[in-house]
**Q** 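Can you read through this structure? Questions will come right after.
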Protein chains: 2
Amino acid sequence: MSYSLTSFSKDTFNTALREKGLRPTKQRACVYGVILGKRDHPTADDIYDRVKRHLPGTSFATVYNCLETLVGCGLVKQVNMDRSPTRYCPNLTPHAHFRCTQSGKIYDVEIDNDTLSLIQALVPEGFEAENLDLSFSGTGKPSNN
Amino acid sequence: MSYSLTSFSKDTFNTALREKGLRPTKQRACVYGVILGKRDHPTADDIYDRVKRHLPGTSFATVYNCLETLVGCGLVKQVNMDRSPTRYCPNLTPHAHFRCTQSGKIYDVEIDNDTLSLIQALVPEGFEAENLDLSFSGTGKPSNN
DNA sequence: AAGCTAAATTGGAATTATTCTAATTCCTGA
DNA sequence: TCAGGAATTAGAATAATTCCAATTTAGCTT
């Protein structure tokens with residue numbers, strides 16, 4: 001294996017895949033490792049570049065396939081902001097995102113439980129929300145780039 | 001004019017455009033009228049179809065141009081959910097969206113002021129949010145389709 | 001009312017992110 | 001070891017949107 005997951009995440013990874021009857025392949029491990037390794041909300045494109053450094057033969061299709069698999073196993077989450085390319089994030093706790101319109105950077109924003117409950121309470125009678133997406137955009141940390 | 005805006009919305013429309021030094025053309029009025037006329041969160045494609053019934057010569061590019069203009073003037077809002085085509089909405093009050101994964105329908109969800117304040121308070125020190133997007137997905141009204 | 005100019009519209013080509021397809025390669029269990 | 005399903009691969013295809021260059025139009029100016 002040319003990308004090292006910690007024994008903890010390796011275990012999480014193997015278990016999550018095996019539970020769905022899927023194989024923990026080196027490409028999937030590498031994609032997962034790349035996402036865990038630099039938590040900057042990379043796009044599929046970014047991930048492709050990083051994966052190729054470890055597994056040069058990897059194709060774009062494989063990166064997309066692996067990402068779909070990892071999302072399906074609940075190991076990573078997709079982050080969609082406006083029409084920009086989908087980004088990927090290993091933070092599985094309920095959280096929002098903030099995109100700085102100047103730098104394009106995306107920051108995780110914690111959601112405390114009280115606010116989370118109130119947000120969930122917005123959903124009208126008769127509707128059952130399985131997912132919620134909350135994102136902000138604006139100007140981020142001015143100096144510290 | 002082959003699409004009738006109420007005198008109220010016609011005025012809103014003219015004023016909003018003129019304030020930006022833009023021309024209230026019949027295509028723009030028609031796109032706006034179509035969005036006001038059926039508040040089902042239509043896509044650009046839907047809008048194109050509806051506009052063509054009133055102004056048959058209209059091109060796709062024009063629909064996109066008009067939509068961009070209307071958004072820029074603050075007359076309509078874009079609704080982006082996941083990777084699906086952008087939808088358009090004339091509801092300018094702060095509100096969230098719920099997408100039924102079964103029917104694909106999108107519903108407006110009111111956000112009360114208290115919850116809105118709490119949501120805005122999530123944004124960390126040093127960040128300035130200009131926009132917020134909140135959306136839910138799940139199963140909607142089971143019977144009443 | 002006619003002419004002028006910038007703004008808007010048009011059709012089609014181009015772009016971009018993503019998905020599909022069919023062929024090959026790889027694992028894994030018998 | 002070998003069969004058979006799963007995963008990967010390269011490249012074509014798709015879908016939404018944007019770009020472009022040419023034409024038309026709206027709103028002045030006279």
Side-chain angles (χ1 to χ4, degrees), chain A residues 1-3 13-14 16-32 34 41-49 51-52 54-73 75-76 78-88 104 106, chain B residues 1-3 10 13-32 34 41-49 51-52 54-73 75-76 78-88 104 106:
Chain A
M1 167 132 27
S2 55
Y3 201 98
F13 171 75
N14 286 331
L17 285 163
R18 290 243 168 74
E19 261 173 20
K20 299 246 172 184
L22 300 169
R23 295 176 185 169
T25 65
K26 61 181 190 293
Q27 289 86 345
R28 286 170 176 169
C30 188
V31 168
Y32 187 48
V34 151
H41 302 90
T43 62
D45 218 74
D46 297 330
I47 294 166
Y48 175 66
D49 288 343
V51 165
K52 289 209 102 174
H54 301 282
L55 297 173
T58 309
S59 74
F60 232 119
T62 298
V63 169
Y64 273 105
N65 290 342
C66 291
L67 288 169
E68 193 187 359
T69 303
L70 296 175
V71 170
C73 293
L75 290 167
V76 305
Q78 290 187 317
V79 180
N80 288 298
M81 300 203 74
D82 302 321
R83 299 256 89 222
S84 59
T86 299
R87 292 162 177 280
Y88 296 86
I106 291 180
Chain B
M1 167 129 31
S2 54
Y3 201 98
K10 200 183 291 180
F13 171 76
N14 286 332
T15 307
L17 285 163
R18 291 247 165 73
E19 262 173 19
K20 300 246 173 186
L22 300 170
R23 294 174 185 169
T25 65
K26 62 180 188 294
Q27 287 88 344
R28 287 171 177 169
C30 186
V31 168
Y32 186 48
V34 152
H41 302 91
T43 63
D45 218 75
D46 298 330
I47 294 166
Y48 174 66
D49 289 344
V51 165
K52 289 210 100 172
H54 302 281
L55 297 172
T58 309
S59 74
F60 231 120
T62 298
V63 170
Y64 274 105
N65 289 341
C66 291
L67 288 169
E68 193 187 359
T69 302
L70 296 175
V71 170
C73 293
L75 290 167
V76 305
Q78 288 187 318
V79 181
N80 287 298
M81 300 203 74
D82 304 320
R83 301 253 92 223
S84 60
T86 299
R87 292 160 177 281
Y88 295 85
I106 291 181

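Chain naming here is simple, since letters A, B, ... match the order of the sequence lines and numbering starts at 1 in each.
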**Q** Would you kindly give the CD-to-C1' distance between B:Glu68 and D:dA16, to the nearest whole Å?
**A**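 Value for this atom pair: 15 Å.
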**Q** Rounding to an integer number of Å, can you tell me how far B:Leu17 CG sits from C:dA8 P?
**A**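 Nearest whole value for this atom pair: 9 Å.
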**Q** Measure CZ/B:Arg83 against C1'/D:dT17 and give the value in whole Å, please.
**A**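 Checked: the CZ to C1' distance equals 12 Å.
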**Q** Hey, which sits more toward the 5' end of DNA chain D by its nearest nucleotide, A:Val63 or B:Ala44?
**A**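 Going by which nucleotide is closer to the 5' end, it is A:Val63.
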**Q** Quick check: closest heavy atoms across A:Lys26 and A:Leu55, and the distance to 0.1 Å?
**A**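 Minimum heavy-atom separation between A:Lys26 and A:Leu55: O-CD1, 3.7 Å.
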**Q** For A:Asn14 and C:dC27, give me the distance from atom CG to atom P, rounded to whole Å.
**A**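 A:Asn14 atom CG is separated from C:dC27 atom P by 14 Å.
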**Q** Judged by modelled atom types alone, do B:Asp46 and B:Thr43 share a side-chain donor-acceptor pair under 3.5 Å?
**A**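 B:Thr43 and B:Asp46 do have a side-chain donor-acceptor pair below 3.5 Å.
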**Q** Would you indicate what B:Thr58 reaches in the nucleic acid, counting non-hydrogen atoms under 4.0 angstrom: base, sugar-phosphate, or nothing?
**A**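 Counting heavy atoms under 4.0 Å across all strands, the contact made by B:Thr58 is with sugar-phosphate only.
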**Q** More 5' along DNA chain C: B:Gly21 or B:Phe60, using each one's nearest nucleotide?
**A**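 Its nearest nucleotide lies further toward 5', so the answer is B:Gly21.
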**Q** Of the candidate nucleotides C:dT18, D:dA26, C:dT9, which contains the atom at the shortest distance from the side chain of B:Lys26?
**A**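 Shortest atom-to-atom distance from the side chain points to D:dA26.
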**Q** Give the nucleotide from the list D:dA26, D:dA16, C:dA17 with an atom nearest to the side chain of A:Pro85.
**A**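 Side chain of A:Pro85 sits closest to C:dA17.
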**Q** Of the options D:dT8, C:dT10, D:dT18, whose atoms approach the side-chain atoms of A:Asn65 most closely?
**A**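 Among the listed nucleotides, the one closest to the side chain of A:Asn65 is D:dT8.
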**Q** Can you list the steps and then say if A:Gln78 with A:Tyr88 is a side-chain contact (heavy atoms from CB on, under 4.5 Å)?
**A** CA-CA 5 Å; A:Gln78 290 187 317; A:Tyr88 296 86; 3.4 Å; yes
**Q** Taking the nucleotide of DNA chain D with the nearest heavy atom to each, does B:Arg87 or A:Ser59 sit closer to the 5' end?
**A**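 Nearest nucleotide further toward 5': that of A:Ser59.
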**Q** What's the NZ-C1' distance between B:Lys52 and C:dT9, to the nearest Å?
**A**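 Interatomic distance, NZ of B:Lys52 to C1' of C:dT9: 13 Å.
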**Q** Return the value, rounded to whole Å, for the distance between atom CG of B:Leu67 and atom P of D:dC19.
**A**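 Those two atoms, CG and P, are 15 Å apart.
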**Q** Could you give me the CA-CA distance, side-chain angles and deciding distance for B:Gln27 and B:Val31, then say whether side-chain contact (heavy atoms from CB on, under 4.5 Å) is met?
**A** CA-CA 6 Å; B:Gln27 287 88 344; B:Val31 168; 5.6 Å; no
**Q** C:dT19, OP1 or OP2 - any side-chain N/O from A:Tyr64 closer than 4.0 Å?
**A**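 Answer is no, no contact under 4.0 Å.
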**Q** Do the side-chain N or O atoms of B:Gln27 get closer than 4.0 angstrom to the phosphate oxygens (OP1, OP2) of C:dT10?
**A**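 Yes.
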**Q** Any base atoms under 4.0 Å from A:Thr69, or only sugar-phosphate, or nothing? Heavy atoms, all strands.
**A**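 A:Thr69: no heavy atom of the nucleic acid under 4.0 Å.
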**Q** May I have the distance from B:Arg18 (atom CZ) to D:dA26 (atom P), rounded to whole angstrom?
**A**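 My rounded result for the distance is 12 Å.
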**Q** Could you state the CG-C1' distance from B:Asp82 to C:dT19, rounded to the nearest angstrom?
**A**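 Distance, rounded to whole Å: 16 Å.
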**Q** What nucleotide among D:dT8, D:dT17, C:dA8 has an atom nearest to a side-chain atom of B:Arg28?
**A**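 It is C:dA8.
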**Q** Nearest to the B:Arg23 side chain among D:dT8, D:dG27, C:dC27, which nucleotide is it?
**A**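 Nearest to the side chain of B:Arg23 among the choices is D:dG27.
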**Q** Select base, sugar-phosphate, or nothing to describe what A:Thr43 touches, counting heavy atoms under 4.0 Å on all strands.
**A**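 Nothing: the residue A:Thr43, judged by heavy atoms under 4.0 Å, touches no strand.
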**Q** When rounded to the nearest 0.5 angstrom, what is the spacing between CG in A:Asn14 and CG in A:Leu22?
**A**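 Rounded to the nearest 0.5 Å, the CG-CG separation comes out at 12.0 Å.
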**Q** Base, sugar-phosphate alone, or nothing: which one does A:Thr25 contact when heavy atoms must sit under 4.0 Å apart?
**A**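 The answer is sugar-phosphate, as A:Thr25 gets under 4.0 Å only of primed atoms, P, OP1 or OP2.
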**Q** Of the listed nucleotides (D:dA16, C:dG11, D:dG27), which one gets closest to any side-chain atom of B:Pro24?
**A**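 Looking only at side-chain atoms, B:Pro24 lies closest to D:dG27.
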**Q** Remember a base hit wins even if backbone is also touched, and classify A:Asp45 as base, sugar-phosphate or nothing at under 4.0 Å, heavy atoms.
**A**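 No contact.
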**Q** So, is A:Thr62 near the phosphate of D:dA7, with a side-chain N or O under 4.0 Å from OP1 or OP2?
**A**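 No, A:Thr62 has no side-chain N/O under 4.0 Å of OP1/OP2 on D:dA7.
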**Q** So how far is it from B:Ser84 OG to A:Arg83 CZ, rounded to the nearest 0.5 Å?
**A**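 One finds 7.0 Å between OG of B:Ser84 and CZ of A:Arg83.
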